[in-house]
Amino acid sequence: MAAVSGLVWRPLRQVTVRDAINQGMDEELERDEKVFLLGEEVAQYDGAYKVSRGLWKKYGDKRIIDTPISEMGFAGIAVGAAMAGLRPICEFMTFNFSMQAIDQVINSAAKTYYMSGGLQSVPIVFRGPNGASAGVAAQHSQCFAAWYGHCPGLKVVSPWNSEDAKGLIKSAIRDNNPVVVLENELMYGVPFEFPSEAQSKDFLVPIGKAKIERQGTHITVVSHSRPVGHCLEAAAVLSKEGVECEVINMRTIRPMDMETIEASVMKTNHLVTVEGGWPQFGVGAEICARIMEGPAFNFLDAPAVRVTGADVPMPYAKILEDNSIPQVKDIIFAIKKTLNI
Amino acid sequence: MRKMLAAVSRVLSGASQKPSHGLALLPSLVSNSRLKQSSHFGLPKCWDYSHSLKQASRVLVASRNFANDATFEIKKCDLHRLEEGPPVTTVLTREDGLKYYRMMQTVRRMELKADQLYKQKIIRGFCHLCDGQEACCVGLEAGIKPTDHLITAYRAHGFTFTRGLSVREILAELTGRKGGCAKGKGGSMHMYAKNFYGGNGIVGAQVPLGAGIALACKYNGKDEVCLTLYGDGAANQGQIFEAYNMAALWKLPCIFICENNRYGMGTSVERAAASTDYYKRGDFIPGLRVDGMDILCVREATRFAAAYCRSGKGPILMELQTYRYHGHSMSDPGVSYRTREEIQEVRSKSDPIMLLKDRMVNSNLASVEELKEIDVEVRKEIEDAAQFATADPEPPLEELGYHIYSSDPPFEVRGANQWIKFKSVS
């Protein structure tokens with residue numbers, strides 16, 4: 001597959017999100033000796049979800065470290081190593097397990113630069129799959145975007161496609177602050193076209209900037225992670241009915257890019273937020289609150305609407321699970337309700 | 001004549017007798033008055049025979065007959081999984097002795113001043129004092145290098161000082177002023193310095209952090225070690241055992257140190273731990289139990305432990321048996337769970353500063369007057385620091401939002417409502 005732009009012939013490739021993250025980590029490991037990866041099964045097993053495949057073979061025991069099952073312990077070790085000047089990537093097999101270690105993420109990592117009056121920085125990345133998977137039930141399906149997004153001192157990013165994944169992991173590793181990278185297990189195997197810029201070793205996606213994935217005029221649809229794909233599907237269906245949705249991929253949860261969202265709402269006059277996490281105190285709730293506080297409020301022709309996961313612990317049975325996460329039909333319904341059509 | 005011969009033989013036999021200015025070894029049969037004069041020109045002080053002269057002025061005190069060093073016996077450490085422990089004798093030089101004395105006295109007086117300022121409500125919130133435990137912070141520092149690393153929990157003022165910060169910066173941080181070492185943003189439990197990682201408020205969390213710092217030491221290949229401290233209360237935290245496991249597995253140069261002061265807040269060790277042999281709790285990690293009230297014991301044990309780690313054998317555990325005179329914090333009078341008699345007994349029999357002072361005076365390493373002089377100087381230093389800490393202004397309100405992120409361009413931080421914005425600068 002290829003594309004021609006102007007007089008430059010730029011080849012496009014299909015790269016899965018998994019490989020994009022792998023590439024991003026590989027490039028950063030090569031670029032800076034202080035970068036290393038630790039977590040359960042990251043080395044000899046090639047990663048529980050094969051995201052770190054090949055890295056241990058290439059970099060060895062010193063840089064790719066298998067840990068025992070001790071989240072609180074190894075997260076603390078990673079934070080300590082960052083305080084002492086290394087640049088660790090700490091993998092949680094899923095973010096559900098990060099709850100064991102959340103004190104180290106918040107109290108030891110996020111708050112330290114502030115508490116020390118700017119003396120002690122913590123250049124660490126916490127990454128792993130977040131949110132619902134398929135059939136893994138309640139204890140393995142929670143979305144932590146709102147929990148981590150709540151805390152000053154942290155940066156929180158949530159990639160959707162391969163370009164996001166590679167660019168954001170590289171930015172996160174180069175950032176001198178604690179960054180939480182919320183990946184998505186169901187997206188790991190999904191291939192996307194990889195623009196040639198993304199193939200460069202210095203390709204970065206800036207933290208704190210959203211991307212407009214699809215231009216539109218009738219309504220702004222804001223989302224992060226896997227649901228961005230559902231929003232685009234909904235937009236494609238609605239386009240046939242003459243409704244043009246502007247789909248925004250947040251990419252970063254904290255610091256949130258409200259400017260892009262506000263500018264879009266001021267253009268379309270309607271807003272729907274879409275997320276996989278629970279509704280109460282969620283990402284959508286924050287967006288709605290901030291819209292009310294800002295200039296975009298006066299441009300709304302209808303109340304902002306949220307599409308979220310159901311307010312239940314994730315059930316196991318397929319019919320129940322399917323109805324506990326936002327589906328394309330739920331997004332379409334919400335959009336139509338907002339537009340009163 | 002006999003005195004002179006005795007002096008000569010002392011000089012010739014004692015390898016520990018080092019003339020302070022490297023002059024030729026010539027005894028002299030001079031009168032006391034000539035000697036007083038010549039001491040000013042740098043003759044080794046150990047040859048001054050004027051033991052019995054009582055000198056009033058400081059200059060003349062300096063010309064008194066002090067030993068350059070002395071050898072002391074120290075308590076043998078209990079050992080766990082170790083064939084040999086630290087030596088049972090140690091040499092203390094006069095110079096080191098005076099330095100340790102001054103440091104311990106500074107920590108002592110600084111903590112007492114903090115107590116006073118807290119009662120005057122000039123210090124707020126948490127204030128955990130370490131008076132009684134001075135031999136730990138000063139002794140540990142004496143056993144390591146400035147390039148080594150140290151992390152501890154919230155009873156951290158002593159370590160903040162021994163790791164290099166001034167009393168001024170520490171007290172001003174306690175009073176929440178802009179001249180504080182964390183610019184008033186951290187307070188008692190969040191003070192940082194080069195190779196000193198605080199000051200940590202969450203009990204036990206600092207232990208994995210310390211193991212991580214040790215990992216960085218090993219990763220960088222620089223032969224540095226990390227002293228990772230926790231208390232008898234924290235010793236039962238699960239994450240400490242996770243840290244033990246990984247430190248041993250990966251042979252991290254981490255010295256785990258349990259500062260056992262017998263009480264975790266109001267709970268005595270017997271009521272908290274199924275095993276109070278904290279030096280054995282590392283199981284597969286070798287350990288030693290050390291008299292934490294004796295600075296020389298602490299120093300020797302630290303040297304031993306640091307050498308062990310630097311040799312690449314992996315982590316080691318030290319239990320320092322010590323005691324705090326104050327309660328857990330300023331809100332705890334400290335007498336509901338222990339008797340005043342117990343506190344008094346430790347003060348009168350095991351006070352670390354008293355122990356060092358007695359040793360030095362009895363071995364002629366220093367005079368009582370000289371040590372009193374140091375006390376006076378220390379008091380003045382603390383007074384000046386307290387003055388500063390009370391008079392220095394609070395950090396400017398405009399800086400409330402500063403230091404959220406490192407190395408970032410300035411951005412806006414929300415205040416109590418949407419119209420209040422603070423600038424955030426790295």
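Numbered from 1 within each chain, the chains take letters A, B, ... in sequence-line order. Computed from a predicted model, the values in this text were never measured in an experiment.
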Region of B/C181 in contact with chain A, defined by heavy-atom distances below 4.5 Å: backbone
I want to check a possible cation-pi pair here: A/K170 against A/F203, using under 6.0 Å from ring centre and within 45° of the ring axis as the test. no
Residue part contacting chain B, namely of A/K34, when any heavy atom lies under 4.5 Å: backbone
Relative to chain B, which of A/K111, A/E33, A/Q104 shows the most heavy atom pairs under 4.5 Å? A/Q104
Hey, which of A/D103, A/D175, A/I69 has the most heavy atom pairs under 4.5 Å with chain B? A/D103
With a 4.5 angstrom heavy-atom cut-off, which part of A/Q100 approaches chain B: side chain, backbone, both or neither? neither
With a 4.0 Å cut-off on N to O distance, would you call A/R290 and A/E293 a salt bridge? no
Residue pair B/M318, B/L140: steps toward the side-chain contact (heavy atoms from CB on, under 4.5 Å) verdict: CA-CA 11 Å; B/M318 271 167 59; B/L140 286 170; 3.9 Å; yes
Who among A/G118, A/G294, A/G85 has the most heavy-atom pairs with chain B under 4.5 Å? A/G118
Side-chain contact test, heavy atoms from C-beta onward, threshold under 4.5 Å: evaluate it for A/R63 versus A/K58 and give yes or no. no
Is the positively charged end of A/K62 above the ring of B/Y219, judged by distance under 6.0 angstrom from the centroid and angle within 45° of the axis? yes
Looking at B/F411, B/W250, B/W419, which one has more heavy-atom pairs under 4.5 Å with chain A than the rest? B/W250
Taking NZ in B/K313 as the centre, count heavy atoms belonging to other residues, nucleotides or ligands within less than 6.0 Å. Is the count above 12? yes
Could you check whether atom CZ of B/R310 has more than 12 heavy atoms from other residues, nucleotides or ligands sitting under 6.0 Å from it? yes
Chain B heavy atoms under 4.5 Å from A/I65: which part of the residue, side chain, backbone, both or neither? side chain
If one checks every heavy atom of B/L249 against chain A at 4.5 Å, the contacting part turns out to be side chain
Taking A/S116 for its side chain and A/Y113 for its backbone only, find out whether a donor-acceptor pair lies under 3.5 Å. yes
With respect to chain A, which residue among B/L215, B/I202, B/V425 yields the maximal number of heavy-atom pairs within a distance under 4.5 Å? B/I202
One option among B/A216, B/P395, B/A247 has the most heavy-atom pairs under 4.5 Å with chain A, and it is B/A216
Applying a strict 4.5 Å limit to non-hydrogen atoms, the region of B/N200 in contact with chain A is neither
Backbone of A/F36 reached by a side-chain donor or acceptor of A/Y59 within 3.5 Å: no
Part of B/S424 lying under 4.5 Å from any heavy atom of chain A: neither
Turns out that what part of B/D408 lies under 4.5 Å from chain A's heavy atoms comes down to side chain
Measure distances from A/N177 to the heavy atoms of chain B and classify the residue's part below 4.5 Å as side chain, backbone, both or neither. side chain
Is the closest side-chain donor-acceptor distance between B/S188 and B/H157 under 3.5 Å? yes
